[in-house]
Amino acid sequence: MTELKFIASCRLPTEWGVFSLHGFEEASGQEHVALVMGDIADGEPVLARIHSECLTGDALFSQKCDCGPQLQAAMQAVNQAERGMILYLRQEGRGIGLINKIRAYQLQDQGLDTVEANLALGLPVDARDFTLAQAMLQHFGVKQVRLLTNNPEKVETLRLNGIDVVERVPLQVGENIENEHYLQTKANKLGHFL
């Protein structure tokens with residue numbers, strides 16, 4: 001498990017309700033946040049999303065991926081449940097970083113898929129560390145989650161690290177003409193649920 005240090009928290013009003021925002025830091029200095037709503041320490045399974053940073057999708061509204069719509073749908077789902085959390089991990093581009101992601105996008109523009117592009121750059125297909133989520137859940141005393149994800153690796157990582165995933169809640173939003181091939185590649189090569 002990756003060690004994380006809790007730093008600070010604040011109130012965060014959003015379009016999808018008022019969350020509390022909690023900041024964490026790795027020994028390396030990398031920062032991550034958790035958005036929390038309601039009482040998540042009552043022992044009941046918590047609706048949760050592990051979301052990896054995607055500047056292009058989350059902030060620039062790129063249609064090359066489904067990240068922005070997934071983040072928005074997760075925030076809306078937590079608001080509707082009036083209880084839950086989003087663990088926002090600063091692992092841009094499945095962990096390869098923003099500039100390498102742009103390089104991978106350039107190769108995708110030339111016909112490679114997302115997996116082929118990373119490999120052509122000599123990078124891992126997925127370099128993310130989902131044990132960060134386990135450390136954040138542990139900080140809040142959360143032992144059971146209803147996980148908003150299409151990625152079986154997130155479910156498996158949490159289970160292997162002592163978090164009971166009582167339900168995988170599909171999060172299938174944001175499909176468009178620009179990302180059809182990307183989503184098919186994630187399903188066919190990375191095992192994601194469509």
Side-chain angles (χ1 to χ4, degrees), residues 14-17 19 32-40 42-95 101 108 113-115 118 125-134 136-137 140 142-194:
T14 75
E15 183 179 332
W16 300 277
F19 290 81
H32 308 279
V33 297
L35 288 87
V36 176
M37 183 179 285
D39 180 6
I40 60 169
D42 61 5
E44 293 296 313
V46 174
L47 182 64
R49 164 90 180 143
I50 301 170
H51 189 88
S52 296
E53 178 180 46
C54 177
L55 176 71
T56 52
D58 298 344
L60 301 177
F61 315 107
S62 169
Q63 294 193 336
K64 283 186 174 241
C65 64
D66 56 345
C67 302
Q70 284 187 329
L71 178 59
Q72 292 174 17
M75 291 177 76
Q76 183 176 20
V78 167
N79 182 39
Q80 286 174 344
E82 298 180 349
R83 178 178 177 273
M85 61 194 315
I86 297 166
L87 308 176
Y88 194 91
L89 306 181
R90 306 285 309 280
Q91 301 183 122
E92 181 75 46
R94 290 197 310 272
K101 179 180 176 179
Q108 290 172 44
D113 68 32
T114 184
V115 170
N118 281 23
V125 172
D126 194 335
R128 292 176 292 181
D129 177 5
F130 296 128
T131 64
L132 292 164
Q134 189 270 339
M136 294 166 96
L137 292 167
F140 292 104
V142 173
K143 294 178 173 52
Q144 295 183 313
V145 295
R146 296 175 51 238
L147 194 62
L148 284 157
T149 190
N150 301 326
N151 185 344
E153 186 181 339
K154 292 178 183 179
V155 174
E156 186 65 17
T157 298
L158 289 185
R159 286 185 173 149
L160 288 173
N161 286 279
I163 302 295
D164 183 12
V165 181
V166 299
E167 179 185 5
R168 182 190 70 83
V169 180
L171 193 57
Q172 297 171 329
V173 294
E175 184 175 339
N176 63 67
I177 192 83
E178 293 286 341
N179 68 19
E180 283 176 336
H181 183 63
Y182 167 78
L183 295 176
Q184 280 298 324
T185 300
K186 286 204 312 185
N188 297 336
K189 293 188 175 181
L190 303 174
H192 288 214
F193 301 106
L194 279 185

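Each residue takes its place number in the sequence, starting with 1. Atoms considered below: every heavy atom in the structure, side chains included; atoms not considered: hydrogens, waters and symmetry mates.
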Evaluation steps, side-chain contact (heavy atoms from CB on, under 4.5 Å), between Phe140 and Val46:
CA-CA 11 Å; Phe140 292 104; Val46 174; over 6 Å; no
For the pair Arg94 and Asn118, evaluate side-chain contact (heavy atoms from CB on, under 4.5 Å) and give the outcome as yes or no after the intermediate values.
CA-CA 10 Å; Arg94 290 197 310 272; Asn118 281 23; 3.7 Å; yes
Applying side-chain contact (heavy atoms from CB on, under 4.5 Å), run through Ile50 and Thr149 and close with a yes or a no.
CA-CA 8 Å; Ile50 301 170; Thr149 190; over 6 Å; no
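Closest heavy-atom contact between Leu47 and Ala81: CD2-CB, 4.2 Å. Nearest approach of Gln172 to Asn150, heavy atoms of both residues: CG-OD1, 3.7 Å. The shortest heavy-atom contact between Gly57 and Cys65 is CA-SG, 4.0 Å. Nearest heavy atom pair, residue Asn151 against residue Arg128, reads ND2-NH2, 3.5 Å.
For the atom pair CD (Gln91) and CG (Leu132), the distance works out to 5.0 Å, reported to the nearest 0.5 Å. Note that CG of Leu137 and CD1 of Ile163 are 5.0 Å apart. Values are rounded to the nearest 0.5 Å. Separating the NE2 atom in His32 from the CG atom in Leu87 is a distance of 11.0 Å, to the nearest 0.5 Å. Rounded to the nearest 0.5 Å, atoms CG (Leu55) and SG (Cys67) are 11.0 Å apart.
Residues passing the side chain to side chain donor-acceptor pair (under 3.5 Å) test with Lys101 are Thr56, Glu92, sequence neighbours excluded. Taking Glu167 as the reference, Arg146, Val169 meet the side chain to side chain contact (heavy atoms under 4.5 Å, CB included) condition, with sequence neighbours excluded. By the side chain to side chain contact (heavy atoms under 4.5 Å, CB included) test, Gln144 pairs with Pro45, Asp164, Val166, sequence neighbours left out.
Applying the salt bridge (Lys or Arg N to Asp or Glu O under 4.0 Å) test to every pair with at least one member in residues 72-81, sequence neighbours left out, gives no pairs at all. Within the structure, salt bridge (Lys or Arg N to Asp or Glu O under 4.0 Å) contacts touching residues 150-159 (residues at least two apart or in different chains) do not occur. Residue pairs meeting the ring pair (Phe, Tyr, Trp, His ring centres under 6.0 Å) criterion with at least one partner in residues 43-72, sequence neighbours excluded, are His51-Tyr88.
Asn79 places no side-chain N or O within donor-acceptor distance of the main-chain N or O of Met75, the cut-off being under 3.5 Å. No side-chain donor-acceptor contact under 3.5 Å links Asn161 to the backbone of Thr131. In this structure, the side chain of Gln70 engages the main chain of Leu171 through a donor-acceptor pair within 3.5 Å. Checked by atom type and distance alone, the side chain of Arg49 pairs as donor or acceptor with a backbone atom of Leu148 at under 3.5 Å.
In this structure, the side chains of Gln76 and Gln80 come closer than 4.5 Å at one or more pairs of heavy atoms. When side chains are defined from C-beta on, Glu175 does not count as touching Val173, because their heavy atoms never get closer than 4.5 Å. Leu158 places a side-chain heavy atom less than 4.5 Å from the side chain of Val145. Residues Glu44 and Arg83 have side chains in contact (heavy-atom distance under 4.5 Å, counting atoms from C-beta outward). Two residues are said to be in side-chain contact when any heavy atoms from C-beta on lie closer than 4.5 Å; Ile86 and Val36 fail this criterion. Residues Met85 and Leu35 fail the side-chain proximity criterion, which asks for heavy atoms closer than 4.5 Å. For the pair Met136 and Val142, the minimum side-chain heavy-atom distance is 4.5 Å or more. In this structure, Phe19 and Thr14 have side chains that are in contact, with non-hydrogen atoms separated by less than 4.5 Å.
Side chains of Ser52 and Arg90: a donor-acceptor N/O pair is absent below 3.5 angstrom, by distance only.
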